[in-house]
Every structure is written in C-alpha cells, then in structure tokens.
Chemist: 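One structure is given below, represented as structure tokens, and several questions about it will come after.
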Amino acid sequence: MTRLWSPWKGVLTAALAVLLGLVAVSVEAVGAHTDTRGAVHYSDLSVERATSGPVLEVAAGGEHSCALLATGEVICWGDGSHGQRDVPPGRYRSVTAGEWHACAIRDSGEIVCWGGDFGWKVHEAVDAPPGAYRSVSAGHTHTCAVSETGAAVCWGDNFWGQTDPPSGTYRSVSGGTSYSCGVLESGEVRCWGGNLWGQTNAPEGRFHSVHAGYNHTCGITEAGEILCWGESSWPESLDSPGSYRSADAGNGGFCAVTDSGELLCWGRPWAASPSGNFRSVSVEGRHACAVRTDGTVVCWGDQFGASLGTAPAGTYRSVSAGGQHNCSIHETGVLDCWGPFASLVQPAGTFRAVSAGINGNACAIRESGELVCWGDRYPPVWELPPGRYQSLSVAIGHGCAVRDSGELACWGDGNRQQAQPPGVYRLVTAGFAHTCALGESGELACWGANHSGQTDAPPGQFRHLDARDGYTCAVRDSGELACWGNRQHHRTDPPAGTYQSVSVGWKHACALDLDGAVVCWGENVWGQAEPPSGRFLSVSAARYQTCALKESGEIACWGGKLHSKARPPERVQVPLPSSADAPEPADTGSGARAPLAGGWPAEAWLVVAALGAVLAGAGFLARRSRRRP
C-alpha cells in the first residue's frame, strides 16, 4: 500500500485524479489474482507449525506480514525495503502490522516498533512512547495503543487529527488510514481524524470491538451484530448474526472469524477466503492472513495491480510490460493489450513499436511513423509532437521518441521531460524523472533528475540501454552490463557475463544473454525476477511482472503474483494445495454479510469539499506517490 513532481503540478494532478472518480479506488476491483475475465484465483500459502511452536497471532501489513510464535518470537516476511522485517530481538505477547511499519508489545508491556525507514511521517509512527500497554494497532502513517491505565495514546502523522484521541478509558483502539477508532469501557465507540466518508460517525450502542479500515469502519455489537459506517457503498447493517472472536478490514473488504471458527469475508474479489477452522484473521491492503486452530497460517490475496492476466496466444513481433498492463504487436502489426488497465479503446491500425506506460497509458508508432497515445490514467492528455518516428519509450509522466532523422522528441510533464540534447540517436528510454539516450556512435547521454546519480552515465561505447525509477542500465559494446543510480534492492548490481540487451523494472532488471536466455536480478517479491528457461528474442521488465518474446513469437510473462509478501519463511511452509481447493468468490451483493476493519490500503482517500482542503489532501497524495514509479 511510494513518492519528483513539480510541487503544484503534482498537487493539482493528484487533486484532479481524486476528484474524477477516485481512480485509485477502482483499482480495488482488480483485486488479487483477478484475470481479465474477472475470475478470482488465489494460492493458499499455508504455514506449518514452526519448529519452535505454533503461530499464536498473525498481522498482515501493506507489503509484509508478521506472526507471533508460541515461543514469544515475532517473525516478519515480505517486503523489507523499509525495515519492516527487522524485528528487534526479544519476547512479545502481540504484534500489529501497518503499511510500512510494524509494532509489538514485549512481555514487559513496552511497545517496540520497526520499519518506516524513510521520511514522510512514517518514521514518527515508529517512535513509540515509553510505558506499559495492553494493546497496540499500527495505522497507515500513525500508531495507537491502550496503556495499562486504559488511556488511548497515539503517535505519528497527525495531518487529519488521527493521533488526537478523546479522553476516556478504552478497551481497545484501531488505527486506520487518516483516522482512528476505539471502544470505551462503557462499550461506546469513539472515532477521530479524517471524516471524508463519514468513517468516524460511529453509531450509538455498545460494542465488543471496532475496526478502522480504509474509508469505512465496522464494529461488532454486544449482541453480535456487525454494523458498518463510512463509504456509502457499504450498508449500515449487514445480515451477520452470531458471535465473533476476530475481525479485520482492508481496502474495500473485510473478514471475521465466528466463535465456531468459521472464516467469513466480504467485499472486493480478494476477499474470497480459504476454508477451515480459524482462531483469528488480519487484513491489510489487498491480502489477508489467518491463524488456523492448529496454529498454522494461511495467507491469500494480492497487492495493487499485481495480477496482469495471461499473455494472449499467438505470434508477436514485440512485447512491452507496463505497470498495470502489457502491450504487444502481433505479427500482423495489430496491437494487443491486456491486464487490469488495458484500455478498451486501443487504436486500430498496424504498428511498428509500442511502449506500455506505468499507470495504464501507452504510446505506439504506426507503420506510417506517426505517434499515438491512449489510456485514461495519469496523465490523461498528451500533446504529441508531429513527425515520423522509429522508436519510443513511455514513463509515468512523459515519453520520448527517436525521429526517423535520429533526432529526439519528448512530450508530457516538462519537469520530467526537460530539454533533450541535440544530436543523432539510435535509442531513447524514459525513466520516472530522467531520460537517457544512446547516440549513433554508441555514447550515452542522460538528463533530468539526478538525486540518485541516475544521469551520471559512464563513459564508453554501448549497444543498448534502459531506464526506470532512479536508475539506468546499459550494455557495453563488449556485452558487459553497467548500471548506475539508486542501488536499493541491488538493482544496480548486474551479473557478470555478456549480453545483447537489458530492461529495467521498478525494483528489478533483466537482460538477454548472447544465447537468448533471460537473466534477472534485484527484488523478487512478486516472482518477477524468476525467468523461465528457454530462448528469447527480447525481454521487458515492468513493476510487478516481466514479459519476454520467445523465438517462436509467443509471449511468456512471469511474476505479478503475491510471492513473498504472503509467503512466510521457508522453515514454516507446507506444500500448496491443489487448485480444486480454491474457494469461490465471496458474495458481494446487497445482501452480503460483512466483517471489520483494522488495515488500510494506500490509495485515494484524499477528497475534500473545499478547494483548500482538496489541495492539501492532494499534496499529501502527491507525497505518497513519490515512492511509485
């Protein structure tokens, strides 16, 4: 569930995106492992009993998960780029996971938090106050806890007042995105912070528990009824009689465990849940984890835009992997795009080249040499330079192309585009906020943002190159790889060998060696750096997925699945069940039943009625978006 932009253009663009239908919210419908036909797939990534004992509690975070073992040890797995997996040693009695951080309560009652290892307020959510506490709940960029005296204490980002709890004696608290909620000793619910959707307008009555989610909140009354409030798409009361022992909510859905151990999930497609008997459940973003009664854990679901569907059958000339969709050119020259954000209005005609963008936009060169761009994601409209072109590259806010004359032309956000250098070039590649080009004589030229050294191109002669968020890689005339810029995830540490081409993704990169084999390095959370064997003609790395063109003309794609985020450490895994064990999609009709909230995703919750509030919220979203290429 991140971050550059021109300050005002970024703010205004974010505000427009939010106001025009909350684009990010629509992402939820794509959900976990949802193919282009809308069918739900999931992998039961189970955990056997750890060698030191069973799992007592599990917590699903934004792109990581944590578990409390019977020994008191806490283990975390998944994305660790912000320190989410760096659990301090010691014995603990509970654990909670947020978007980029996690917290746990030691046996002494002291709270210890870790992760959030980058600015933007998250580090403040890790600075737990001293004292003894009964419970803790990690929010989006803040954390709340109940002290031994019953006082609610919150810390971290307070942009919406989410760390200013009202006075009173509390049983429990729950941190959401821009707000928090708690249950008083009297059973009444109190919520505070952002209230754009009415998520803090708690109803009267007595509750056992409350769960703050994304833009809706749910609580279990003392009578066992589940009540929800907030986003209008959720009914206020759901037909869910009974008594519950655990509940939690994520982005657009929630789950609950009945006293009998039945796991019930409602909402978005990712909420399709596994069968069995359970003790507790934890939901965050678009994946969830639950503890079975035998102490094993099962995780399911997916993250933002991870599932890009299956590559179309047929023979193709080229393929381009994008952030939320892929595009290819059929041997006939016709475009074929697929994935959650593949545009339904792809241009007709025949094409010589295509580049899939990061957020659902794409550009292509017609056989006539003209440029055409489409897609309804950011940015919605580009003014394209006229002329005839031979190659192109599209990023999140700008694109560049090489004219038939060898001159460069760029379009889009001027802060990313910048002034392209004169000269004659063979190839150009657009990164997130920088651009590089390969000159006719083999020299490199880079321009734009250089905060990570991504435009500090090495000297020498090169045959190929590619750029992405904060780094660039190129193939020397000798065939060796050279990478520079942001070193996170070891993406600038290419393997030795001789190669013919290279393609860089968000946090991983792949290259095609002289024998036609694909070699990848860097982050492998989604399986995007595990290429299949075989001989290929080209490779294209994107955000969560990599695609390559086989010698036969067929397309092979890999990654795009919840790889290590929901897969616990190897020492506690069991074999995956057969596909026959996969559940049917949960009922999402108006008569559906509904559980609760405690997690919160990372997208589109900043809409404001007044213009000033819109701009402030959009600024917050812009800062949030900086970590996304």
Side-chain angles (χ1 to χ4, degrees), residues 94 96 98 133-140 142-147 149-156 158 160-250 253-259 266-267 280-284 593-600 605:
S94 69
T96 177
Y133 295 85
R134 301 176 189 170
S135 64
V136 62
S137 176
H140 194 65
H142 72 289
T143 310
C144 289
V146 177
S147 71
T149 63
V153 180
C154 300
W155 58 96
N158 196 35
W160 300 93
Q162 62 266 50
T163 62
D164 294 331
S167 59
T169 304
Y170 289 82
R171 297 178 189 168
S172 63
V173 289
S174 179
T177 46
S178 61
Y179 73 108
S180 307
C181 292
V183 180
L184 296 171
E185 282 291 352
S186 62
E188 297 175 287
V189 170
R190 293 287 183 270
C191 296
W192 56 96
N195 193 34
L196 178 63
W197 299 89
Q199 62 266 45
T200 65
N201 297 336
E204 296 181 357
R206 296 171 61 87
F207 290 78
H208 279 306
S209 63
V210 66
H211 305 265
Y214 175 58
N215 49 27
H216 73 287
T217 310
C218 293
I220 300 177
T221 69
E222 291 189 348
E225 181 184 14
I226 293 178
L227 296 180
C228 296
W229 58 95
E231 185 183 5
S232 59
S233 62
W234 295 97
E236 293 180 359
S237 179
L238 299 117
D239 181 18
S240 53
S243 182
Y244 296 84
R245 64 174 65 165
S246 175
D248 205 3
F254 46 89
C255 299
V257 178
T258 68
D259 277 347
W266 303 263
S280 64
V281 63
S282 176
V283 182
E284 172 61 29
R593 299 157 66 169
L596 305 100
W600 12 267
W605 47 278

Chemist: Under 3.5 Å, is there a donor-acceptor pair between the side chain of T217 and the main chain of Q199?
Modeler: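 A pair under 3.5 Å: yes.
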Chemist: Using only atom types and a distance under 3.5 Å, with no angle test, would you say the side chain of T177 pairs donor to acceptor with the backbone of H140?
Modeler: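 No; zero donor-acceptor contacts below 3.5 Å.
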Chemist: For a quick test of reading the model, state the closest non-hydrogen atom pair linking G219 to W229 and the distance between them.
Modeler: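 Scanning both residues completely, I find the closest heavy atoms to be N-CZ3, 3.9 Å.
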Chemist: Applying salt bridge (Lys or Arg N to Asp or Glu O under 4.0 Å) as the test, list every pair that has at least one member in residues 174-189; sequence neighbours left out.
Modeler: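 As it turns out, the salt bridge (Lys or Arg N to Asp or Glu O under 4.0 Å) pairs with a partner in residues 174-189, which skip direct neighbours, are R134-E185, E188-R190.
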Chemist: Within a strict 4.5 Å, meaning less than it, do heavy atoms of the I226 and C228 side chains meet?
Modeler: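 They are in contact (side-chain heavy atoms under 4.5 Å apart), so the answer is yes.
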Chemist: Specify the closest pair of heavy atoms between S178 and Q162, including all atoms of both residues, with the distance to one decimal.
Modeler: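 Distance-wise, the nearest heavy atoms are O-CB, 3.4 Å.
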Chemist: Tell me if a side-chain donor or acceptor on S174 pairs with a main-chain N or O of A212 at a distance below 3.5 Å.
Modeler: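 Indeed, once roles are kept as given, a pair shorter than 3.5 Å links the two residues.
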Chemist: If I take atom CH2 from residue W160 and atom OG from residue S180, how far apart are they, to the nearest 0.5 angstrom?
Modeler: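 W160 atom CH2 to S180 atom OG measures 13.5 Å (nearest 0.5 Å).
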Chemist: Which value, rounded to the nearest 0.5 Å, describes the distance between C181 atom SG and F207 atom CZ?
Modeler: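 Reported value, rounded in 0.5 Å steps: 10.0 Å.
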Chemist: Measure the shortest side-chain to side-chain distance between T143 and W155 over non-hydrogen atoms and say whether it is less than 4.5 angstrom.
Modeler: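 Touching, per the 4.5 Å side-chain cut-off.
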Chemist: Between R245 and S280 (side chain of the first, backbone of the second, donor and acceptor by atom type, cut-off under 3.5 Å), is there such a pair?
Modeler: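 Not a single qualifying donor-acceptor pair exists.
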Chemist: By side-chain hydrogen bond (donor to acceptor under 3.5 Å, both in side chains), which residues pair with S172, not counting sequence neighbours?
Modeler: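 Scan of S172 (side-chain hydrogen bond (donor to acceptor under 3.5 Å, both in side chains), adjacent residues dropped) gives none.
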Chemist: So do N215 and L196 actually touch side chain to side chain, heavy atoms under 4.5 Å?
Modeler: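 No - every pair of side-chain heavy atoms lies 4.5 Å or more apart.
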Chemist: Which pair of non-hydrogen atoms, one from D248 and one from V283, has the smallest distance, and what is that distance?
Modeler: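 Looking at all heavy atoms of both residues, the shortest contact is OD2-N, 2.9 Å.
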Chemist: Under a 3.5 Å distance rule, please check whether S137 uses its side chain to pair with a backbone N or O of G175 as donor and acceptor.
Modeler: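 Yes: the side chain of S137 pairs with the backbone of G175.
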Chemist: Would you name the heavy atoms of T200 and G194 that are closest together and state the gap between them?
Modeler: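 Looking at all heavy atoms of both residues, the closest pair is CG2-O, 3.3 Å.
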Chemist: Any idea which heavy atoms bring P165 and A152 closest together, and the distance?
Modeler: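 Closest pair (atom of P165, atom of A152, distance): CG-O, 3.4 Å.
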Chemist: Using every non-hydrogen atom in the two residues, find where L227 and P203 come nearest and quote the distance to one decimal.
Modeler: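 Where L227 meets P203 most closely, the heavy atoms are CD1-CG, 4.3 Å.
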Chemist: Between the side chains of Y244 and S209, is a donor N or O closer than 3.5 angstrom to an acceptor N or O?
Modeler: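 No, because no side-chain N or O of Y244 sits under 3.5 Å from a partner of the opposite role on S209.
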